[in-house]
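See structure below.
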Amino acid sequence: MMSDAADRLSEVQAKIADSATRAQRRADDICLIAVSKTHDAVAIRPLIAAGQRHFGENRVQEAAAKWPELRGEAPNVTLHLIGRLQSNKADEAVALFDAIHSVDRSSLVQALAKASEKAGRQPQLFVQVNIGDEEQKGGCKVADLPALLAEAKDAGLIISGLMAIPPADIEPAPFFALLDELAERNGLAGRSIGMSGDYETAVMLGATHVRVGTALFGVRDVANG
Ligand SMILES: *Cc1c(COP(=O)(O)O)cnc(C)c1O
């Protein structure tokens with residue numbers, strides 16, 4: 001008998017495959033990131049056992065507490081940082097994560113360039129765009145994107161793509177389409193878009209990475225973030 005987690009994983013994978021087919025894309029070109037923030041090792045292990053290998057966390061401290069042990073059990077896990085990163089945690093983030101989706105400002109570009117040089121490795125990097133121009137959200141302004149990408153390049157960083165979180169409670173498709181357009185215009189292949197409520201739409205609109213938490217793990221305890 002399959003565990004609940006394995007059932008949910010199969011369901012999400014099937015929906016990604018269906019959306020990819022409808023959009024005449026290959027399902028293999030879409031990376032499913034299981035967002036495990038707030039969930040402990042006991043909740044994460046069944047997904048690893050079911051074959052899931054990409055996981056996302058939004059806090060460096062939380063990931064540092066959970067993942068070294070889990071990685072000992074599953075060395076081929078790929079860990080993605082999807083939350084805001086303070087520049088003074090760049091060294092720790094570069095050591096811990098294989099990908100960082102939240103590069104959004106000059107000071108962080110400089111800190112990541114320094115940390116990557118020191119470490120002799122650079123995680124895969126995405127620039128987060130504040131696609132709905134929302135005051136409270138992270139991400140660089142759409143208008144500032146070309147300058148930030150140029151700065152990253154000058155600093156020796158390779159940027160793989162763009163990430164965005166569209167405004168809540170309104171139709172996300174136009175924002176996904178805008179992110180796709182911005183990525184295209186800047187010659188970037190990666191599009192990190194789509195969460196539990198809208199990953200099928202995101203796949204239809206070019207997502208290369210979808211970040212899915214609730215649909216895989218169930219509802220998070222809000223007290224823990
Ligand atoms: C929590 C989080 C997700 C996952 O959200 P769900 O709605 O639970 O799928 C995706 N992206 C980011 C940046 C997040 O912080």
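Each ligand, and each atom within it, is numbered from 1 in the order the structure gives.
A distance of 8.0 Å separates CD of Gln124 from SG of Cys31, quoted to the nearest 0.5 Å.
Residue Asp169 places its CG atom among 12 or fewer non-hydrogen atoms of other residues, nucleotides or ligands, all under 6.0 Å distant.
Looking at atom 15 (O) of ligand 1, its nearest protein heavy atom turns out to be Lys37 NZ, 2.7 Å. The nearest heavy-atom contact from the protein to atom 5 (O) of ligand 1 is Met195 CE, 3.4 Å.
Of the candidates Leu216, Ile82, Thr38, Ile82 brings a heavy atom nearest to atom 12 (C) of ligand 1.
Counting heavy atoms from C-beta outward, Ser87 and Gln110 have side chains that stay 4.5 Å or more apart.
Heavy-atom proximity to Ser196, at under 4.0 Å, picks out these atoms of ligand 1: 6 (P), 7 (O), 8 (O), 9 (O). When each atom of ligand 1 is checked for a heavy atom of Val212 under 4.0 Å away, the hits are 9 (O). Close approach to Ile165 involves these atoms of ligand 1, each under 4.0 Å from a residue heavy atom: 13 (C). Proximity to Arg211 (heavy-atom distance under 4.0 Å) selects the following atoms of ligand 1: 4 (C), 9 (O), 10 (C), 11 (N), 12 (C), 13 (C).
Put simply, the residue from Ile30, Leu32, Asp18 that forms a side chain to side chain contact (heavy atoms under 4.5 Å, CB included) with Gln13 is Leu32.
Below 3.5 Å of separation, one finds an N or O of Thr214 facing an N or O of ligand 1. In terms of N/O distances under 3.5 Å, ligand 1 is approached by Gly213.
Note: His80 and Phe126 fail the aromatic proximity criterion, with ring centroids not under 6.0 Å apart.
Side chain of Ser36 to backbone of Phe55: no donor-acceptor contact under 3.5 angstrom is found.
Val35 and Ile44 fall into different hydrophobic clusters, where Ile, Leu, Val, Met, Phe, Trp and Tyr residues are linked whenever their side-chain heavy atoms come under 4.5 Å apart, directly or through other members.
Residue His101 does not touch ligand 1, judged by heavy-atom distances below 4.0 Å.
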